[in-house]
Number of protein chains: 2
Amino acid sequence: MDKAKRARVVRGGWRVGTADEFLGLTPEEAALIEVKLALSEGLRARRLAMSVSQVELARRLGSSQSRVAKMEAADPSVSMDLLVRAHLALGATARDLARTIGKANRAA
Amino acid sequence: MDKAKRARVVRGGWRVGTADEFLGLTPEEAALIEVKLALSEGLRARRLAMSVSQVELARRLGSSQSRVAKMEAADPSVSMDLLVRAHLALGATARDLARTIGKANRAA
DNA sequence: TGTCGACATGTCTATTCTGACATATGGTAG
DNA sequence: CTACCATATGTCAGAATAGACATGTCGACA
């Protein structure tokens with residue numbers, strides 16, 4: 001995980017209960033975060049590639065601009081369900097999702 | 001989607017708000033369900049391949065046997081987050097997840 | 001300078017999801 | 001039959017997440 005990611009992770013409040021120390025994450029917790037990061041980065045990439053604004057994506061999702069911003073910021077308050085629904089609302093297929101998720105951890 | 005899957009989907013209460021008729025799902029809704037089904041089937045497969053009981057998986061997850069059963073039954077009350085955490089708790093990597101998700105829709 | 005569009009951030013309340021529990025079913029061994 | 005194990009199903013109080021709204025930052029443009 002590079003410094004930018006780490007910073008985002010900490011700022012976002014990702015410290016979890018079981019491991020008390022900073023970066024004292026279990027491998028599973030770390031993996032889950034990596035997957036979410038891959039989805040949130042992939043979402044921004046896909047949205048920008050399609051020249052869609054956050055407001056427009058929110059409209060298609062039946063959500064709000066602020067929630068889209070949080071998705072792309074990998075805010076801990078956004079669920080995987082929502083991230084995945086956002087990808088689908090932009091026309092991603094299951095295979096596209098798989099590709100995006102497969103990118104997790106490659107930049108460690 | 002084969003009949004068994006369809007049955008599970010309906011029994012589970014997947015009828016969504018926007019589309020009122022049976023199978024009147026939007027493509028995004030259908031895709032989301034397919035992804036979840038792939039994850040739930042993949043979970044059972046992985047768990048059985050490792051000869052782990054639902055009780056044991058629940059213990060590793062910090063959850064309960066009934067919730068694991070619901071995950072594998074693709075119950076609408078289980079989130080993708082939980083499904084993914086379950087996979088990770090069984091040792092799956094991001095790449096394994098990608099492979100599992102990529103299987104969605106292939107049995108349509 | 002003022003305003004406009006796009007995005008970020010914080011905080012509400014309502015909805016959804018969670019673990020826990022009770023209980024039922026089905027199979028297998030004694 | 002009884003006892004046990006694995007799994008299924010329904011319910012519920014509490015935790016997590018949702019959309020909505022207010023508000024702030026930044027850059028572009030006139």
Side-chain angles (χ1 to χ4, degrees), chain A residues 4 7-18 28-29 32-33 36-37 39-41 43-90, chain B residues 4 7-18 28-29 32-33 35-36 39-41 43-90:
Chain A
R8 246 177 300 153
V9 160
V10 174
R11 180 162 43 83
W14 272 117
R15 311 206 207 184
V16 195
T18 56
E28 294 86 31
E29 290 165 339
L32 181 61
I33 292 175
K36 285 199 177 187
L37 279 171
L39 282 171
S40 92
E41 286 167 8
L43 181 63
R44 166 161 267 152
R46 177 174 288 270
R47 180 179 65 79
L48 292 179
M50 300 177 67
S51 302
V52 173
S53 72
Q54 291 185 343
V55 169
E56 167 62 13
L57 172 54
R59 196 191 57 71
R60 294 192 202 175
L61 258 175
S63 181
S64 58
Q65 178 268 326
S66 60
R67 201 130 283 278
V68 173
K70 285 178 225 277
M71 288 183 219
E72 296 184 353
D75 187 295
S77 86
V78 329
S79 67
M80 284 229 342
D81 296 70
L82 190 55
L83 280 166
V84 167
R85 271 195 267 119
H87 275 268
L88 297 175
L90 286 177
Chain B
R8 248 177 298 151
V9 161
V10 175
R11 179 162 43 83
W14 271 117
R15 311 207 207 183
V16 195
T18 56
E28 294 86 30
E29 289 166 339
L32 181 62
I33 291 174
V35 169
K36 285 198 177 188
L39 282 170
S40 94
E41 286 168 7
L43 181 63
R44 166 161 268 152
R46 177 175 287 270
R47 180 179 65 80
L48 291 180
M50 299 177 67
S51 302
V52 173
S53 72
Q54 291 184 344
V55 169
E56 168 61 12
L57 172 54
R59 197 193 55 71
R60 294 192 201 175
L61 257 175
S63 181
S64 58
Q65 178 269 326
S66 59
R67 200 129 285 275
V68 173
K70 285 176 226 278
M71 288 182 219
E72 296 184 353
D75 187 294
S77 86
V78 329
S79 67
M80 285 232 338
D81 296 70
L82 189 58
L83 280 166
V84 167
R85 271 194 267 119
H87 275 268
L88 297 175
L90 286 176

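The sequence lines fix the lettering, A, B, ..., with proteins before strands; numbering per chain opens at 1. Quantities reported herein were computed from a predicted structural model and do not represent experimental measurements.
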Check: Are A:Leu43 and A:Leu57 close enough that some pair of their side-chain heavy atoms sits under 4.5 Å apart?
Finding: yes
Note to self: Is there a side-chain contact between B:Leu39 and B:Met71 in this structure, where contact means two heavy atoms from C-beta onward sitting under 4.5 Å apart?
What the structure shows: no
Between [N] ([atom2]) and [X] ([atom1]): distance, integer Å:
X	N	atom1	atom2	result
B:Lys36	C:dT16	NZ	C1'	11 Å
A:Arg59	C:dA6	CZ	C1'	16 Å
B:Asp75	C:dT16	CG	C1'	13 Å

Check: Between A:Glu28 and B:Arg85, is a side-chain contact (heavy atoms from CB on, under 4.5 Å) present by the stated rule, with each step listed?
Finding: CA-CA 7 Å; A:Glu28 294 86 31; B:Arg85 271 194 267 119; over 6 Å; no
Check: What string of B, S and - do you get for nucleotides 18-25 of chain D, 5' to 3', if B is base contact, S is sugar-phosphate-only contact and - is no contact with any protein heavy atom under 4.0 Å?
Finding: BBBB----
Check: Salt bridge check: are A:Arg67 and A:Asp75 linked by an N-O gap of less than 4.0 Å?
Finding: no
Item checked: Nearest-0.5 Å distance that lies between atom OG in B:Ser79 and atom CE in A:Met80 -> 8.5 Å
Next item on the list: Considering just the side-chain nitrogens and oxygens of B:Arg47, establish if one lies under 4.0 Å of OP1 or OP2 belonging to D:dT7.
Entry: yes
Item checked: Pairing residues for B:Arg47 by the side-chain hydrogen bond (donor to acceptor under 3.5 Å, both in side chains) criterion, not counting sequence neighbours -> B:Glu72
